[in-house]
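Quick notes on the structure that follows.
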2 protein chains.
Amino acid sequence: MQDILFDFISKYVSLNDEEKNAILSLDLFRSLKKGTILLKEGQRSNESYFVLKGCIRTYYIIDGEEKTTAFFTEMDALTPHCVATKTPSQYYVSCLEDTIVTVSNSDMEVEVNTKFPKFETMCRMLSEELLAKQRLDLDEFKTSSPEQRYLNLLQNRPDLIQRVPQHQLASFLGIKPQSLSRLRARLLEKKS
Amino acid sequence: MQDILFDFISKYVSLNDEEKNAILSLDLFRSLKKGTILLKEGQRSNESYFVLKGCIRTYYIIDGEEKTTAFFTEMDALTPHCVATKTPSQYYVSCLEDTIVTVSNSDMEVEVNTKFPKFETMCRMLSEELLAKQRLDLDEFKTSSPEQRYLNLLQNRPDLIQRVPQHQLASFLGIKPQSLSRLRARLLEKKS
DNA sequence: ACGGCTCGTTCACTTAAGTTAAGAAATACG
DNA sequence: CGTATTTCTTAACTTAAGTGAACGAGCCGT
């Protein structure tokens, strides 16, 4: 499990044994049961997550309805908005499956970043990369129809369609569950 | 004009005179005429921009149609996707108005980050903040209708509605220009 | 000043998503 | 094991966005 983390880190910086041990000594790993809520609307938090196994999602409750907007699976990192801005959270974060994550808090990060500038470099690179990637996601969402978005998801993250409940997928695609059902039926028609 | 930059930086780190001079000596400032294209689809680039005055936008050409997806105005920073990933760009970047920006390239940034770790800290904080903020934008987009998105824009960035052509606003909102016209007409109806 | 373009709006028509409701299927739980 | 609850699908109807076309207004360059 640690290897997954170090493999990921090695994409950005190379760590020596001392540095690896420093990270391990922080005792970051945690196992979470399906359904565990990591963050609620209105709460403050300073915890960031990195998913080693499983899946966590973010969702809002708007007019009493759950609106799922993002899924984080293996090798995905999540720093909730409220952590970056020190404000109460606008959304919930919870485990869709039994999940293993690393949990870090901002105090730890400040400390590690100071001690190992290399680590800060990694965080900067990672954030910049995710920022650019997320921009593409937003652009793709803006420029395509629900049907195209579904087909795209089928291409790029087929695992999600298997492991995530339909109604959560629907709101992730920006539509209602009924529309997703219909859309899928329509696509099956077309194929045949 | 320099003050705008230093005011912005001061939100993240405080610079002494030596550091400020180091930045000024890089000769970052540039004036661009309306219509200037900073980046084309397929091109590679290592330049990042920070808008001091004016407006730049990103757009795609899909099936021969321009799809505008983002606007960057005063105090906005843009590192195109292709810069972060060293790949050819998928979109265009161009000036909507006469614009004054700072331009930095990745080599410079590596150099400055090495010389002034403070600067790297700023970049990391900024990226993390933008990443979190952009996540909210995407979430808002997913969870609301075109009409709500328009009303939201009216609230949060009323200046855009004034300074940007309607058809570009439309694709920014994820709809066709005709739909935006209709939507606006509908809202005027409702008000009266 | 003229002709050509782009831009915004409007209209009629098509298509797809939202809404409401009902029922079937799957899942959770005592 | 059976009941309750959640989830998924289907259907009928409503609403809004997409499409194609036309028109007028403003802008550009010659």
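Order of the sequence lines sets the chain letters (A, B, ...), proteins ahead of strands, with each chain counted from 1.
- Without hydrogens or angle criteria, B:Arg124 side chain to A:Cys123 main chain gives no donor-acceptor distance under 3.5 Å.
- Nearest nucleotide to the A:Arg182 side chain, out of C:dA16, C:dT9, C:dT19: C:dT19.
- With respect to the salt-bridge test (charged N to carboxylate O, under 4.0 angstrom), the residues A:Arg157 and A:Asp137 do not qualify.
- Taking the charged nitrogens against the carboxylate oxygens, A:Glu66 and A:Arg57 do have a contact shorter than 4.0 Å, which makes a salt bridge.
- The side chain of A:Lys34 lies closest to C:dA28, out of D:dA17, C:dA28, C:dA17.
- One atom, NZ of B:Lys142, and another, P of C:dA17, lie 16 Å apart when rounded to the nearest Å.
- Comparing C:dT9, C:dA17, D:dT9 against the side chain of A:Arg186 picks out C:dA17 as the nearest.
- Here B:Phe72 and B:Tyr49 keep their ring centres 6.0 angstrom or further from each other.
- For the pair A:Gln148 CD and D:dG18 C1', the interatomic distance rounds to 12 Å; values are reported in whole Å.
- Listed in residue order, the members of residues 154-180 of chain B having a heavy atom less than 4.0 Å from DNA chain C are B:Pro165, B:Gln166, B:His167, B:Gln178.
- The main-chain N or O of B:Pro165 is never found under 3.5 Å from a side-chain atom of B:Gln168 such that the two would form a donor-acceptor pair.
- With hydrogens and angles ignored, the 3.5 Å screen pairs a side-chain donor or acceptor of B:Gln148 with a backbone N or O of B:Ser145.
- The separation between A:Leu183 atom CG and D:dA17 atom P is 18 Å, rounded to whole Å.
- In this structure, the CZ atom of A:Arg184 is 18 Å from the P atom of C:dA16, given to the nearest Å.
- If you take CG of B:Leu188 and P of C:dT9, they are 10 Å apart, rounded to a whole angstrom.
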